Amino acid sequence: MNKRIYLCLAHMSGNEQKYIQEAFDTNWVVPLGPNVNGFEQDLKDFVGADREVVALASGTAAIHLALVASGVGQGDEVICQSFTFCASANPVTYVGATPVFVDSEQDSWNMDPELLERAINDRKQHTGHYPKAIILVYLYGMPARINEIMAIANKYQISVIEDAAEGFGSKYDNQICGTFGDYGVLSFNGNKMITTSGGGALICKDADAKNKIMWYATQAREAFPYYQHEAVGFNYRLSNICAGIGRGQMTVINDHLAHHKHIAQLYKKAFAQVKGITFHDNPAPNYDANFWLSTILIDGNLQVKGQERAYQTAVQGAVGGAAGVVHASGAIHTDCEPHANVEAMRMALEEAGIESRPLWKPMHKQPVFQKNPAYVNGVSEDLFKCGLCLPSGPMVTDEDVQYIIDTVKNNIIQ
């Protein structure tokens, strides 16, 4: 095996070039145009539920605008899922509000409804006010217990923002994730179910909500023949070029979903026979995950080759295909990290040309949020210590999956 197997790398359909060329031919190379309109219509048709969609520069921008449109501001609190990537919580700080973290339940790994309600009532007791919004996440594409969460949110009249960045195409009770709450967030980063190279979208409940988001996303300009602004706006619209890529990607979204689910079934079948390895599957028939990433849990007692070498050297750069610039702290350990056998398995896969990653480190264990209120039950910390993400993208073949499975098995000490 000479090639490198990436975790989740975007795959072009072949149709993207047509839309991109049209943009250049018609000189629509700005953050509006036929491709933007067409992409939004494609997304609207896909998510259904009589929702509207606004194409934006990123999923993070979508969360930011959803918070602004929900009236979240200085001094407010927002309930956030702890077990997720930082982009779910960071925008809360952009608007001057405070993220309040809620832990996960064991089945879906997403926000625990019982803990959510406890947190809501406790915050009311502490501050005199209920939190202004709830941001839940569909982690790795797995639906949450959304009906229970919506019932709680409605009971206390709290806005719900569904972070479906990893859950594009996932369904709960046959309804697309991102269409239950007030807003649904999508991401088209290069590692998502479809990509626009970079970009995102916000699912809105009606045309009025869409127009409000579009107004904020285009610098909040008033209707005058000159520039008049009565609110602070943002430059968050998706470019017509990137939207062209998205239109091409939408022609293969169902193929991508089918492929991810197929890969998941291969992992599930294989690891069912491996003692000490548990594949994270749909917990019930009404869950229909897209399996954006296939994930496993490694039992703490499972011995892995090279385990004694784990955490001996400080990381100097980005692990695997991680994008961007990272800060090399020089430290080897933190107060919450994957078990040595998980790190040893990640290292063994890396040596075999296979990219893998630990699960997301919970936000309540991140130094940047160490002073934030958190309602925890230990679930996300336990999962983080035991979990590993395996390659699942459109470029991963059945042969690749078998090679990955064999590599995992071969590095277990019997």
Side-chain angles (χ1 to χ4, degrees), residues 5 7 81-85 103-110 112 115 139-142 263-284 287 289 291 293-315 319-320 331-366 374 376-392 400-414:
I5 303 173
L7 200 66
Q81 185 164 311
S82 183
F83 199 22
T84 182
F85 181 52
D103 216 326
S104 297
E105 41 85 12
Q106 189 70 52
D107 292 337
S108 74
W109 300 1
N110 293 315
D112 184 324
L115 202 55
L139 199 71
Y140 304 118
M142 183 63 67
I263 295 296
Q265 289 305 305
L266 295 178
Y267 284 131
K268 175 186 175 181
K269 182 178 179 181
F271 289 127
Q273 311 302 319
V274 181
K275 186 177 180 180
I277 302 287
T278 303
F279 178 78
H280 189 219
D281 196 13
N282 287 309
Y287 288 75
F291 292 101
L293 287 182
S294 287
T295 56
I296 59 172
L297 298 178
I298 300 176
D299 188 274
N301 295 318
L302 191 69
Q303 295 297 303
V304 175
K305 293 177 183 178
Q307 195 167 320
E308 70 283 354
R309 295 185 287 108
Y311 298 119
Q312 286 192 344
T313 306
V315 174
V319 173
I332 295 177
H333 294 284
T334 67
D335 67 342
C336 183
E337 62 191 19
H339 291 314
N341 62 349
V342 175
E343 174 61 6
M345 185 64 76
R346 186 197 67 78
M347 292 166 60
L349 291 169
E350 177 69 23
E351 289 172 5
I354 301 164
E355 182 185 12
S356 64
R357 301 272 183 86
L359 303 183
W360 298 124
K361 183 169 184 174
M363 290 298 103
H364 73 268
K365 297 300 295 183
Q366 297 286 356
V376 301
N377 53 20
V379 169
S380 62
E381 290 180 48
D382 288 344
L383 292 170
F384 170 62
K385 292 174 183 177
C386 298
L388 200 63
C389 301
L390 299 177
S392 310
D400 292 334
V401 172
Q402 189 59 55
Y403 175 64
I404 294 163
I405 292 166
D406 290 342
T407 303
V408 170
K409 288 180 178 180
N410 293 336
N411 280 279
I412 295 174
I413 299 174
Q414 302 296 334

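Note that the structure is a prediction, hence the values are computed from the model and not measured. Residue numbers run from 1 in the order of the sequence given.
Contact record, Pro391 with Ile263: O-CG2, 4.1 Å, taken as the closest heavy-atom pair. Taking both residues in full, the closest heavy atoms of Ala270 and Ile405 are given as CB-CD1, 3.4 Å, listed atom of the first, atom of the second, then distance. Between Val304 and Met345, the closest heavy-atom pair is CG1-N, 3.8 Å. Ala310 approaches Ala340 most closely through the heavy-atom pair CB-O, 3.6 Å. Heavy atoms only, all atoms of each residue included: Val342 and Gly387 are closest at CG1-O, 3.5 Å. The two residues Ser82 and His364 make their nearest non-hydrogen contact at OG-ND1, 2.7 Å.
The closest donor-acceptor contact from the side chain of Tyr403 to the backbone of Ala352 lies under 3.5 Å. The backbone N or O of Leu115 sits nowhere less than 3.5 Å from a side-chain atom of Asn377 that would complete a donor-acceptor pair. A donor-acceptor pair is defined here as one N or O able to donate and one able to accept, closer than 3.5 Å; no such pair exists between the side chain of Asp281 and the backbone of Lys268. A donor-acceptor pair is defined here as one N or O able to donate and one able to accept, closer than 3.5 Å; no such pair exists between the side chain of Lys275 and the backbone of Leu302. His280 places no side-chain N or O within donor-acceptor distance of the main-chain N or O of Tyr140, the cut-off being under 3.5 Å. Although no hydrogens or angles enter the test, the distance criterion places no donor-acceptor pair under 3.5 Å between the side chain of Ser392 and the main chain of Leu293.
Residues Lys361 and Thr334 have side chains that bring a donor and an acceptor to within less than 3.5 angstrom of each other. When only modelled atom types and interatomic distance are considered, Asp103 and Ser380 share a side-chain donor-acceptor pair under 3.5 Å.
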task: Any chance you could lay out the side-chain contact (heavy atoms from CB on, under 4.5 Å) test for Asp335 and Lys365, step after step, and finish with the verdict?
output: CA-CA 8 Å; Asp335 67 342; Lys365 297 300 295 183; 3.5 Å; yes
- prompt: Which is it for Ser104 and Val379 under the side-chain contact (heavy atoms from CB on, under 4.5 Å) test, yes or no, and what are the steps along the way?
  reply: CA-CA 6 Å; Ser104 297; Val379 169; 4.2 Å; yes
message: Before you tell me yes or no, could you show the steps for Glu105 and Asn110 under side chain to side chain donor-acceptor pair (under 3.5 Å), namely the whole-Å CA-CA distance, both residues' side-chain angles and the distance that decides it to 0.1 Å?
response: CA-CA 6 Å; Glu105 41 85 12; Asn110 293 315; 5.7 Å; no
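Separating the NZ atom in Lys409 from the OG1 atom in Thr407 is a distance of 11.0 Å, to the nearest 0.5 Å. Once rounded to the nearest 0.5 Å, the distance linking CD of Gln303 with CD of Gln307 reads 4.5 Å. Between Phe384 atom CZ and Cys336 atom SG the span is 5.0 Å, to the nearest 0.5 Å. One finds the OG atom of Ser294 at 11.5 Å from the CG atom of Leu388 (value rounded to the nearest 0.5 Å).
In this structure, Ile298 and His339 have side chains that are not in contact, with every pair of non-hydrogen atoms separated by 4.5 Å or more. Glu350 is not listed as a side-chain neighbour of Ser356, based on a closest heavy-atom distance of 4.5 Å or more. For the pair Cys389 and Leu359, the minimum side-chain heavy-atom distance is below 4.5 Å. Counting heavy atoms from C-beta on, the side chains of Phe271 and Thr278 never come closer than 4.5 Å. Side-chain contact between Lys305 and Ile413 is present, with heavy atoms from C-beta onward closer than 4.5 Å. Within the 4.5 Å cutoff, the side chain of Lys385 has no heavy atoms near those of the Glu337 side chain. Between Phe83 and Leu383 there is a side-chain heavy-atom pair separated by less than 4.5 Å. Looking at Phe279 and Leu297, their side chains never come closer than 4.5 Å, going by heavy atoms from C-beta outward.
Between Tyr311 and His333, the distance from one ring center to the other falls under 6.0 angstrom.
In summary, of the residues considered (Ile354, Leu349, Thr295), a side chain to side chain contact (heavy atoms under 4.5 Å, CB included) with Leu390 occurs for Leu349 alone.
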